[in-house]
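Everything on this sheet refers to the single structure shown next.
Numbering of ligands and ligand atoms starts at 1, following listing order.
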Amino acid sequence: MSQVQHYDVIIIGTGAGGGTLAYALASSGKRILMLERGDYVPREKDNWSPRAVNVEAKYNTKEVWRDNNGQPLRPHTNYYVGGNTKFYGAALFRLRKEDFGEIKHYGGVSPAWPITYQELEPYYTKAEQIYQVHGRRAEDPTEPYAGAPYPYPPVSHEPRIQHLSDDFARLGLRPFHTPLGVMLDETTRHHSRCIRCETCDGFPCLVYAKSDAQVCCVDPALQHQNVTLLTNAHVSRLETGSSGREVTAVHVERNGSQEVYSADIVVVSCGAINSAALLLRSANDKHPNGLANSSGVVGRHYMGHLNSVLMAISKCPNPTVFQKSLSINDFYFGSEDWEYPMGHISFVGKLDAETLKAGAPAIAPGFTLELMARHSLDFWLTSEDLPDPDNRVTLDREGNIVLSYKPNNEEGHKRLIEKLKRLMQQQTKCAVHGHECHVGLFARNLFVGQRIPLAGVAHQNGTIRFGIDPKTSALDANCKAHDVDNLYVVDASFFPSSGAVNPALTIMANALRVGDHLRERLS
Ligand SMILES: Cc1cc2nc3c(=O)[nH]c(=O)nc-3n(C[C@H](O)[C@H](O)[C@H](O)COP(=O)(O)OP(=O)(O)OC[C@H]3O[C@@H](n4cnc5c(N)ncnc54)[C@H](O)[C@@H]3O)c2cc1C
Ligand code: SF4
């Protein structure tokens with residue numbers, strides 16, 4: 001075993017939370033060590049291959065988890081520098097102001113956060129700048145106030161999406177440009193880092209034009225001499241001193257050997273499932289139910305959003321290359337005929353035949369998979385699932401991850417799907433097929449083999465919730481463990497509720513907020 005090396009701060013995990021925190025602390029001059037279990041995503045043609053990415057799952061972890069029936073799960077999650085942001089769709093939303101308060105849903109209550117939107121707002125603005133978000137304010141009817149305009153103009157709609165946006169507007173909705181972290185310069189396309197391609201959502205960006213945590217935060221942080229990154233460094237356990245109030249050793253498996261590091265401050269940011277697993281694995285005499293778990297909430301209240309991918313097939317083709325530019329939030333908090341929240345409508349990247357073969361979409365009558373892929377608009381619908389203590393991460397006897405999840409609050413999501421169905425039936429008639437152009441909506445089954453739903457893990461959050469009361473939360477409002485004085489968590493684990501928009505910008509903004517707190521503490 002090597003000599004223990006001491007740092008000011010150790011950050012475990014380099015995704016949306018950990019990567020952003022490293023960036024926030026880099027210029028402090030403090031000695032910072034990032035420990036990342038993965039390596040850099042190799043830059044190769046396969047980055048943009050639907051077969052490699054979606055069919056062969058080349059970049060997914062090969063780990064096998066289990067569900068609560070003991071059935072194997074092959075999680076769609078990625079262990080690399082930059083974490084899951086290397087693969088994300090870069091839709092960078094703020095939570096709504098109301099999401100920070102208690103909201104009544106048909107299926108129960110979405111609990112309030114211990115901080116307000118006002119407290120996070122300046123960090124949202126900063127995160128949008130760091131992650132180069134492209135968007136336009138005041139289009140989205142539910143958007144909270146912002147301290148600054150988006151730093152870049154919105155990504156334009158291609159003709160089919162513009163047509164759809166016009167149709168939605170004609171029906172009285174307020175469609176808007178999805179805020180996106182892609183480095184697209186549409187005024188000088190020959191200088192644009194982003195080439196506007198069809199392999200963005202779910203794929204790593206071969207030309208480093210996606211605003212991911214590696215490109216925007218980890219690489220810039222490493223320009224500072226005081227920041228070190230160790231890749232292929234899997235943290236297996238955290239050890240506390242005799243008081244149990246301080247993490248004194250971080251145990252790492254790296255390239256086949258065991259190493260130990262220590263720091264004044266230890267920040268866990270392994271993603272909501274792995275962070276909970278790490279704390280549970282770190283149980284000791286002083287923390288018999290898992291580190292920082294006197295409340296018993298560590299691993300519980302797992303959320304991942306209710307998500308559906310729906311293909312709207314039309315007789316006319318959809319030649320769109322980059323289709324994630326449009327969103328609808330008119331039903332986010334409800335509608336005239338339904339007083340409860342329903343959620344958010346947007347798009348996934350354009351589906352292709354190769355990818356469809358990997359799933360099991362319902363086939364539209366008279367269409368092949370190839371034809372379906374060429375004629376579909378591929379919607380992504382997100383609704384909020386509520387924190388249920390029985391939806392949780394536990395460990396089996398060998399210390400492997402067990403994920404138990406039963407969806408809840410589904411009524412609003414079903415109604416959201418119905419809303420979209422009706423909207424699609426009311427599209428303007430096309431010149432060739434008239435009103436018969438729209439064929440119908442078809443679900444893309446997200447259950448591939450024995451996999452858990454793709455999005456179920458993609459939006460993982462809630463397993464180490466923050467709150468005021470140490471009896472019902474594991475972290476305080478600064479994301480410090482109530483039970484341990486030098487332990488913080490900054491990935492999606494801290495969410496007490498998750499709203500119905502994509503989580504990454506909130507994780508990034510919160511990491512910047514915790515960064516300010518840590519700078520003060522360390523000084
Ligand atoms: C295909 C896909 C599309 C998505 N699209 C969007 C989108 O458009 N918008 C959006 O907001 N969100 C999107 N998401 C979700 C978004 O990527 C996540 O919410 C975000 O990355 C979570 O950040 P995190 O810091 O919690 O964890 P991660 O980004 O997952 O980072 C965790 C890091 O910890 C490392 N790690 C784990 N365990 C250990 C350990 N024991 N030791 C050392 N390191 C460890 C991992 O390798 C990883 O690098 C998408 C996700 C996927 C998979
Ligand atoms: S659309 Fe732009 S950011 Fe996305 S993968 Fe293609 S080049 Fe990269």
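- Annotation: cation-pi pair R31/Y7 present, NZ/CZ under 6.0 Å from the ring centroid and within 45° of its normal.
- Taking the centre of each ring, H177 and H157 come in below the 6.0 Å mark.
- Distances between N or O atoms of A90 and those of ligand 1 include at least one value under 3.5 Å.
- Scanning the protein for heavy atoms near atom 6 (Fe) of ligand 2, the closest one is C197 SG, 2.3 Å.
- Residues R96 and D140 are paired through a salt bridge, judged by an N-O separation under 4.0 Å between the basic side chain and the carboxylate.
- The shortest separation from a heavy atom of L278 to ligand 1 is not under 4.0 Å, leaving the residue out of contact.
- Using a 4.0 angstrom heavy-atom cutoff, W48 counts as in contact with ligand 2.
- Which of G271, A511, G82, G89 comes nearest to atom 5 (N) of ligand 1 through a heavy atom is settled by distance: it is G89.
- Every atom of ligand 1 is numbered from 1 in the order shown, and the set under 4.0 Å from a heavy atom of Y79 is 46 (C), 47 (O).
- Under 4.0 angstrom from ligand 2, there are no non-hydrogen atoms of F203.
- Contact annotation: for T199 versus ligand 2, heavy atoms closer than 4.0 Å belong to the backbone alone.
- Taking a cut-off of under 4.0 Å to the non-hydrogen atoms of C194, the atoms of ligand 2 that pass are 1 (S), 2 (Fe), 3 (S), 7 (S).
- Here the heavy atom of the protein found nearest to atom 4 (Fe) of ligand 2 is C200 SG, 2.4 Å.
- Residue contacts with ligand 1: S275 is excluded, as none of its non-hydrogen atoms falls under 4.0 Å.
- Backbone or side-chain N, O or S atoms of C205 do not reach atom 2 (Fe) of ligand 2 at under 2.8 Å.
- Of the candidates I195, D212, V182, it is I195 that places a heavy atom closest to atom 7 (S) of ligand 2.
- R374 and E198 are not joined by a salt bridge, as no carboxylate oxygen comes within less than 4.0 angstrom of a charged side-chain nitrogen.
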